[in-house]
Protein chains: 2
Amino acid sequence: MAEKSAGSAANVAHVTLTRALALGSRQPSIKDIARLARVSHPTVSRALQNSPLVSAETAARIRKIAEEQGYRASAVARGLVTRRTRTVGLIVTSVDDPFASEVACGVEEVASDRGYAVLLANSHADPERERRVVQELAERRVDGLVVTSSRVGALYLPLLKNLDVPIVLVNDQYPGEFVHSVTIANQEGMRAATDHLIGLGHRRIAYLGDSNGYRSDTERLAGFQEALADAGIDFERELAVEGDGRPEATMEAMNRLLRLKRPPTAVCCYNDMTALSVIRAVRAHGLRVPADVSVTGFDDLFFAAYLAPALTTVRHPMRRMGQMAMENLFKLMSGQESIAQIKVGAELIVRESTGKVPKRGRHHGQ
Amino acid sequence: MAEKSAGSAANVAHVTLTRALALGSRQPSIKDIARLARVSHPTVSRALQNSPLVSAETAARIRKIAEEQGYRASAVARGLVTRRTRTVGLIVTSVDDPFASEVACGVEEVASDRGYAVLLANSHADPERERRVVQELAERRVDGLVVTSSRVGALYLPLLKNLDVPIVLVNDQYPGEFVHSVTIANQEGMRAATDHLIGLGHRRIAYLGDSNGYRSDTERLAGFQEALADAGIDFERELAVEGDGRPEATMEAMNRLLRLKRPPTAVCCYNDMTALSVIRAVRAHGLRVPADVSVTGFDDLFFAAYLAPALTTVRHPMRRMGQMAMENLFKLMSGQESIAQIKVGAELIVRESTGKVPKRGRHHGQ
DNA sequence: CCCCCGATTGCACACGTGTACGAGTGCAAT
DNA sequence: ATTGCACTCGTACACGTGTGCAATCGGGGG
């Protein structure tokens with residue numbers, strides 16, 4: 001007797017995964033457990049939910065049998081009757097994008113903490129595909145939706161009314177406001193970066209945007225212009241160019257800037273990925289960062305601190321924003337009204353990619 | 001009549017998302033559609049599945065009404081009866097890990113192409129948590145499972161028999177073989193990197209491993225040792241150290257190497273993230289890469305090419321491996337037997353972080 | 001002794017869909 | 001005229017779970 005229990009205790013690690021089923025070959029259903037415990041299946045259901053309506057001994061017995069059989073209630077059957085799947089959809093542009101994956105991590109974190117699962121889908125920044133993906137998630141009856149960098153944005157409004165699936169947007173790119181969103185202070189952040197450059201003596205500062213970032217690009221450019229205006233520097237149209245997200249396009253845009261008669265001494269990039277390509281283009285021209293050209297990023301992706309020179313950038317608390325989005329979504333799903341739009345602050349992180357303006361006439365400038 | 005259709009055509013973009021429901025406020029069920037079409041609900045079911053058992057006209061009428069009502073069949077109800085959810089579980093260490101997110105991207109890609117959804121879960125490289133997460137996914141009745149960098153590995157075997165959920169492991173870290181896995185040629189890859197350094201004249205080469213990468217770390221170390229042996233270089237125990245995944249631990253390990261009486265002139269890192277910290281530590285000592293110390297990585301994460309100096313590393317086709325894992329999983333799910341273990345080749349990418357061995361006595365060496 | 005009440009438990013249903021089977025047509029073959 | 005078949009469609013289930021309600025039991029108060 002004593003040896004027997006000792007023996008099974010030794011197997012405990014295995015047991016968690018094995019638990020041979022004495023019935024058929026398929027997974028046991030609640031009725032199988034009920035039969036083994038000689039009770040009705042509702043009693044099993046209640047016992048497993050710690051309902052007070054079932055006696056302690058019966059509950060213990062049922063739980064023991066369920067454990068032995070490795071029984072796990074089917075979430076799909078439960079979802080059918082409760083009309084809640086305890087699942088949320090998460091739409092990102094692409095999981096391998098460092099920005100998106102950080103947000104995803106925050107979302108998964110708090111969802112998982114509350115027993116929710118996350119259905120992942122990529123939109124690839126394609127409005128058409130984003131719409132399709134939303135439909136597929138709706139078909140799977142997710143309880144809520146988090147969408148990062150949405151290109152559809154306000155178009156969700158009607159869907160919201162009919163499907164009544166709460167939606168929270170992170171870093172919404174659609175012009176105009178959506179009901180629930182978590183965004184960063186784009187304008188203020190870029191303004192801080194620009195101010196920093198101006199403080200270092202730069203006067204010819206370029207802005208290298210991204211046509212993919214509809215709204216945030218617009219806002220960041222606005223912050224850039226605001227800083228120039230307040231410093232009494234004229235905004236020169238030729239110094240504001242943009243890429244389309246692809247490294248080649250960004251490098252080409254930067255090349256155009258460097259070939260200008262009077263090239264900029266500093267460039268504010270739409271984000272860190274842009275800055276990566278910009279630095280590359282600068283070096284391809286035989287110039288140094290920051291000695292010849294200062295560069296700022298935006299987002300503070302994990303590798304920004306590891307670059308040489310380490311990137312001066314604006315911190316975008318992506319993971320935290322993912323958490324906030326999910327927390328907000330939970331409030332919406334539980335019916336309570338919550339803050340509609342959350343705007344988080346952007347913090348300038350000064351590192352090594354920015355420096356004082358070079359003595360004039362360094363390169364092909366006059 | 002003509003104007004009417006023209007009007008609705010103009011709204012087509014909106015229509016996709018709106019489709020007001022003329023019934024209650026909840027989503028329409030198949031019965032609602034059946035009532036509107038004056039048929040039985042099985043007929044609706046068949047019509048929407050393009051079954052030949054329903055006449056073309058009836059099917060068209062039903063589809064039109066379903067479309068108008070914005071009807072989407074509930075995947076959960078369907079899953080209950082068909083016993084297939086068209087959903088796979090994906091367990092990664094952490095989505096914000098560049099390695100994992102690349103794999104995830106590959107998995108999502110092919111799953112999505114075939115109409116499958118992906119349930120995402122983080123294991124945080126914790127065996128206990130990994131087990132819990134597997135149970136939760138099983139509860140949700142996923143049709144299959146992809147696990148990256150598993151710490152449980154072969155322990156899935158019993159689960160496999162009972163739950164009959166096909167499992168494919170990517171970059172399995174558990175010692176010993178698992179049934180279905182996709183792994184990289186760790187030993188050959190690291191051997192190529194080491195050979196490259198030896199070819200550059202290096203003799204004192206260190207290996208900086210990672211205690212988290214149980215199996216791959218062992219295999220890569222083996223490749224390292226093999227290269228040394230074949231070149232007639234003694235393997236010195238003091239030159240093989242390891243971190244635990246945290247940047248601080250890696251930097252500390254590298255510091256120990258640099259404080260050695262005869263420090264290494266080159267170091268093979270377990271992976272790119274390790275190399276990042278190593279380079280940082282080297283610079284903190286006032287030394288340069290590769291002039292004073294050559295560094296190699298492993299994985300070829302996207303930023304490797306952007307570092308200064310660009311990182312010499314071993315290409316790990318992570319996205320492709322994710323695709324392969326998912327393709328293999330599809331075969332398993334459809335019942336066909338497939339290749340058990342897939343081993344992909346590793347390709348050395350020579351960039352700028354490795355160079356010829358420095359003239360002796362450069363720094364505190366003798 | 002009867003009635004009522006609290007504590008347990010079972011019964012019957014519902015959730016929304018897919019599918020085997022039978023029923024009802026219309027038409028051609030016998 | 002009857003039979004058989006191809007074609008459509010509806011009926012009756014089943015999937016596995018949760019929950020309102022009735023039923024049963026035991027006990028205490030009147």
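Letters A, B, ... mirror the listed sequences (proteins, then strands); counts begin at 1.
Comparing Ser40(B) and Arg141(B) by the nucleotide of DNA chain D that holds the closest heavy atom to each, the one mapping nearer the 5' end is Ser40(B).
Using modelled atom types and a 3.5 Å distance limit, the side chains of Glu130(A) and Ser150(A) yield a donor-acceptor pair. Side-chain polar atoms of Ser112(A) and Arg129(B) form a donor-acceptor pair below 3.5 angstrom. For the residue pair Gln27(A) and Arg72(A), no side-chain donor N or O sits within less than 3.5 Å of a side-chain acceptor on the partner.
One distance of note links CG of Asn328(B) with CG of Leu169(B); it measures 11.5 Å at 0.5 Å rounding.
To the nearest angstrom, C1' of dG16(C) lies 17 Å from CD of Gln69(B). Nucleotide dG10(C) holds its C1' atom 13 Å from the CD1 atom of Ile30(A), rounded to whole Å. For the pair Asn50(B) CG and dT8(D) P, the interatomic distance rounds to 14 Å; values are reported in whole Å. In this structure, Leu48(A) places its CG atom 14 Å from P of dT9(C), rounding to the nearest Å. The CZ-P distance, from Arg38(B) to dC9(D), rounds to 15 Å in whole Å. Taking atom CZ of residue Arg46(B) and atom P of nucleotide dT11(D), one finds them 12 Å apart after rounding to whole Å. Taking atom NE2 of His41(A) as the reference point, atom C1' of dA12(C) lies 10 Å away to the nearest angstrom. When rounded to the nearest whole Å, the span between CZ of Arg86(B) and C1' of dG18(C) equals 14 Å.
Counting only residues at least two apart or in different chains, salt bridge (Lys or Arg N to Asp or Glu O under 4.0 Å) contacts with residues 112-126 of chain A are absent.
When ring centroids are compared, Tyr116(A) and Phe330(A) come within the 6.0 Å threshold.
Near DNA chain D, meaning a heavy atom under 4.0 Å from it, residues 51-60 of chain A has no residue at all. The stretch residues 77-84 of chain B touches DNA chain D through Leu80(B), Val81(B), Arg83(B), each having a heavy atom within less than 4.0 Å of the strand.
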message: Assess the residue pair Asn122(A) and Val92(A) against the criterion (side-chain contact (heavy atoms from CB on, under 4.5 Å)); give the C-alpha distance rounded to whole Å, side-chain angles, the decisive distance to 0.1 Å, and a yes or no.
response: CA-CA 5 Å; Asn122(A) 291 351; Val92(A) 297; 3.4 Å; yes

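With respect to the salt-bridge test (charged N to carboxylate O, under 4.0 angstrom), the residues Glu68(B) and Arg63(B) do not qualify. Using a cutoff of 4.0 Å between basic side-chain nitrogens and carboxylate oxygens, Glu128(A) and Arg131(A) are scored as salt-bridged.
Proximity of Ser74(B) to the phosphate of dT17(C): no side-chain N or O atom is located under 4.0 Å from OP1 or OP2. OP1 and OP2 of dC9(D) both lie 4.0 Å or more from every side-chain N or O belonging to Thr43(B).
Contacts of Gln336(B) classified as side chain to side chain donor-acceptor pair (under 3.5 Å), with partners at least two apart in sequence or in another chain: Ser334(B). Annotation: side chain to side chain donor-acceptor pair (under 3.5 Å) contacts of Asp96(B) (sequence neighbours excluded): Arg319(A), Ser94(B).
For Val39(A), whose side chain is taken as the heavy atoms from C-beta onward, the closest listed nucleotide among dG10(D), dT17(D), dG10(C) is dG10(C).
Comparing the axis of the opening five pairs of the helix from dC1(C)-dG30(D) to dT30(C)-dA1(D) with that of the closing five pairs yields an angle of 70°, rounded to 10°.
When all heavy atoms are compared, the tightest approach of Leu145(A) to Val134(A) is CD2-CG1, 4.1 Å.
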